[in-house]
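Presented below is the structure to which this report refers.
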Amino acid sequence: MMDSGSSQLRKPVRRRAAQQYLLITLLSFATSVAGTRLFLELTGYPQLGGGELHIAHVLWGGLLLFSSSLVMMILANSWVYILGAVLAGMGVGLFIDEVGKFITQTNDYFYPAAAPIIYAFFLLTVLIYLQIRRPVKHDPRAELYRTLSGMTELLDRHLEPSERQSLEKSLKLVLETADDETQASLAKHLLEYLRSESLDLVPDQKSRLETIYHAFIRWELRWLTPFRYRAILVGGLAAIGANTFLNLTRLLIAAGTPGGLDAIFHRLLIAGQVSSTTGMLGFVTRVALEGSVGAILILSALCILVGWERWGLRLGVIGLLLSLAGVNLLVFYFEQFSTMLTAFVQLLLLLALLRHRYRLSNPDFAIGRKSRS
C-alpha cells in the first residue's frame with residue numbers, strides 16, 4: 001500500500017510554459033477547422049480515393065494526433081513541445097470537424113448540431129487554457145521540476161542572463177520554503193552552479209513573438225489614443241448590438257402581422273434550417289437571446305459615449321461573454337460555419353474592451369511603456 005509520502009511524490013506537476021503550449025494548440029485547432037471548411041467550400045468538397053475507398057480527413061487528424069504523442073514521448077528537446085502542440089491542435093481540428101458523421105446514422109457531415117458541438121469543444125478548451133493561466137500555489141517540489149526543465153538551456157548553450165535570473169529566483173524560493181533536506185540540498189547546489197563565473201551565457205534575445213508584441217505596443221501608444229479607443233468600442237458595440245436587436249424587432253413585427261411567423265417558418269424550412277415547429281421554437285429562442293444581448297451591447301455603447309465608461313465596459317464584457325459562451329451555440333446550429341467571422345469579431349471586440357479597461361486601471365501605462373521601449 002502506498003504511504004502518504006509516496007503519494008505526495010506522485011502528485012502531478014504543471015509543466016513549465018504549459019499555458020504557451022496550450023495556446024498554440026488552441027490556435028492550431030481553430031486554424032485547422034476554419035481552414036478545412038474554407039478549403040472544402042472553395043474546392044467543392046473533393047474526396048481522396050476512388051470507388052469504395054474514401055480517405056476522410058478524420059484519418060489525417062488521427063495521424064497528426066499520433067505523431068504528436070510520438071514526438072513528445074521519444075524526444076526530450078524543449079522545442080518538441082511546441083511541435084507537439086501544433087500537431088495536436090491540427091489533429092484534433094481535422095478529427096472533430098467530421099463529428100457530424102459519427103453522431104448520425106446517415107453519416108451526415110452537414111448535420112446542423114455538428115457546428116455547435118465543435119464550437120462547444122473549442123470553448124471547453126479555452127476554459128482549460130484560462131484555468132492553466134492562473135498562478136499556481138508555490139510548491140518546492142514543483143518549483144524544482146520547472147527549474148530542472150529550464151536547465152536544459154544550459155545543455156543547448158542557450159541560457160540567457162534573464163533566464164538565469166529567473167532560475168535563481170525559483171531556487172531561492174525553494175531554499176526558503178523546502179522542508180525536505182534532499183530538495184533543499186539540490187536547490188543549493190544548483191544555485192551555486194548557476195552563480196559560477198565559468199557559466200557560458202548568451203546575450204538576451206527577444207523572440208519573434210516578443211518583437212511583434214513590442215511593435216504592437218509602440219503602434220498602440222502612437223495611434224490608439226483613449227479617444228480613438230472609445231470611438232472604436234462605441235462603434236463596434238453599437239454595430240453588433242443594433243444588428244442583433246434589429247433581428248428581434250423584425251421577429252416581433254412578424255409576430256404581430258397575420259401570417260408573419262408562418263412566412264418565416266416556410267423560409268427557414270426551404271433553407272433547411274428548421275424541419276419542425278420545435279426547430280422554429282429554437283430559432284425564436286435564438287433571436288430572443290441575440291436581441292437581449294444586442295440590447296446590452298447598445299446600452300454599453302451609450303454608457304461609454306456619455307462618459308460612464310466603467311459601467312459601459314462592464315456591460316460590454318458581460319454581453320460579449322454571454323454571446324460567445326452561450327448564444328453562439330444556437331447561432332452555429334442555424335447558421336453553421338458562416339458565423340465564424342462574426343464570432344471572431346466579437347472576440348476581438350472583447351479583447352479590445354479588456355485592453356481598454358486595463359489601460360484605464362493603470363494610469364501610468366503609457367509612461368511605463370514608453371520608458372521601457
Side-chain angles (χ1 to χ4, degrees), residues 1-26 68-69 71-86 88 125-211 213-214 358 362 368-369 371-372:
M1 184 175 178
M2 187 179 293
D3 58 24
S4 59
S6 178
S7 177
Q8 177 66 21
L9 291 177
R10 296 290 183 177
K11 184 179 178 182
V13 175
R14 183 183 301 180
R15 184 178 299 281
R16 182 171 174 260
Q19 68 274 14
Q20 296 177 20
Y21 302 139
L22 190 52
L23 178 59
I24 292 171
T25 301
L26 272 170
S68 172
S69 302
V71 296
M72 288 192 286
M73 284 191 293
I74 296 172
L75 303 178
N77 309 74
S78 58
W79 55 263
V80 166
Y81 297 110
I82 296 177
L83 175 61
V86 172
T125 313
V126 171
L127 288 176
I128 296 174
Y129 168 71
L130 293 176
Q131 182 66 28
I132 293 297
R133 285 188 73 242
R134 297 174 61 181
V136 294
K137 293 182 179 179
H138 171 69
D139 176 9
R141 172 175 162 271
E143 207 71 50
L144 275 174
Y145 259 90
R146 288 186 281 271
T147 300
L148 289 171
S149 174
M151 296 285 281
T152 57
E153 295 289 342
L154 279 170
L155 300 176
D156 293 332
R157 297 183 179 179
H158 201 266
L159 186 67
E160 301 173 5
S162 60
E163 292 173 331
R164 179 170 72 169
Q165 185 178 5
S166 176
L167 292 173
E168 288 180 351
K169 181 180 178 182
S170 296
L171 291 171
K172 288 177 184 177
L173 197 57
V174 173
L175 285 173
E176 293 171 358
T177 57
D179 295 325
D180 188 291
E181 291 184 5
T182 302
Q183 293 176 358
S185 177
L186 178 58
K188 178 182 177 182
H189 285 89
L190 288 175
L191 189 58
E192 290 174 354
Y193 178 72
L194 282 174
R195 288 173 173 173
S196 65
E197 297 294 334
S198 59
L199 203 64
D200 290 331
L201 299 177
V202 298
D204 279 318
Q205 300 174 355
K206 289 183 180 179
S207 67
R208 185 170 299 179
L209 287 177
E210 288 176 325
T211 302
Y213 176 72
H214 287 294
Y358 170 78
N362 293 271
R369 290 295 182 185
S371 62
R372 282 193 290 272

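In this text the structure is predicted, and so the values were computed from the model without any measurement. The basis for the numbers below is simple: all heavy atoms, side chains too, and nothing from hydrogens, waters or symmetry mates.
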Any sub-3.5 Å donor-acceptor pair from [X]'s side-chain atoms to [Y]'s backbone N or O?
X	Y	answer
D139	R141	yes
T177	L173	yes
N77	W79	no

Taking side chain to side chain contact (heavy atoms under 4.5 Å, CB included) as the definition, give me every residue that meets it alongside [X], ordered by chain and number, with sequence neighbours left out.
X	result
S162	E160, D204
S166	none
L23	L27, Y129
K188	L175, E192

How far does [atom1] of [X] sit from [atom2] of [Y], to the nearest 0.5 angstrom?
X	Y	atom1	atom2	result
L22	I128	CG	CD1	7.0 Å
H158	L154	NE2	CG	12.0 Å
L171	R195	CG	CZ	9.0 Å

Those residues that, when tested against [X], pass side chain to side chain donor-acceptor pair (under 3.5 Å) (two or more places apart):
X	result
E163	none
T211	none
T125	none

Can you give the donor-acceptor pairs under 3.5 Å from side chains of residues 13-20 to other protein atoms, not counting sequence neighbours?
unit_1	atom_1	unit_2	atom_2	d
R14	NH1	I132	O	2.5
R14	NH1	R134	O	3.0
R15	NH1	Y81	OH	2.9

Do [X] and [Y] come close enough that some side-chain heavy atom pair is under 4.5 Å?
X	Y	result
R164	E153	no
M151	L159	no
L83	L75	no
E176	P140	no
L148	L190	yes
T147	V174	no
Y193	L199	yes
H189	S185	yes

Provide the closest heavy-atom pair for [X] versus [Y] in the form atom of the first, atom of the second, distance.
X	Y	value
T182	D180	N-OD1, 2.8 Å
A85	Y21	CB-O, 3.3 Å
P161	P203	CD-C, 4.3 Å
V71	G84	CG2-CA, 4.3 Å

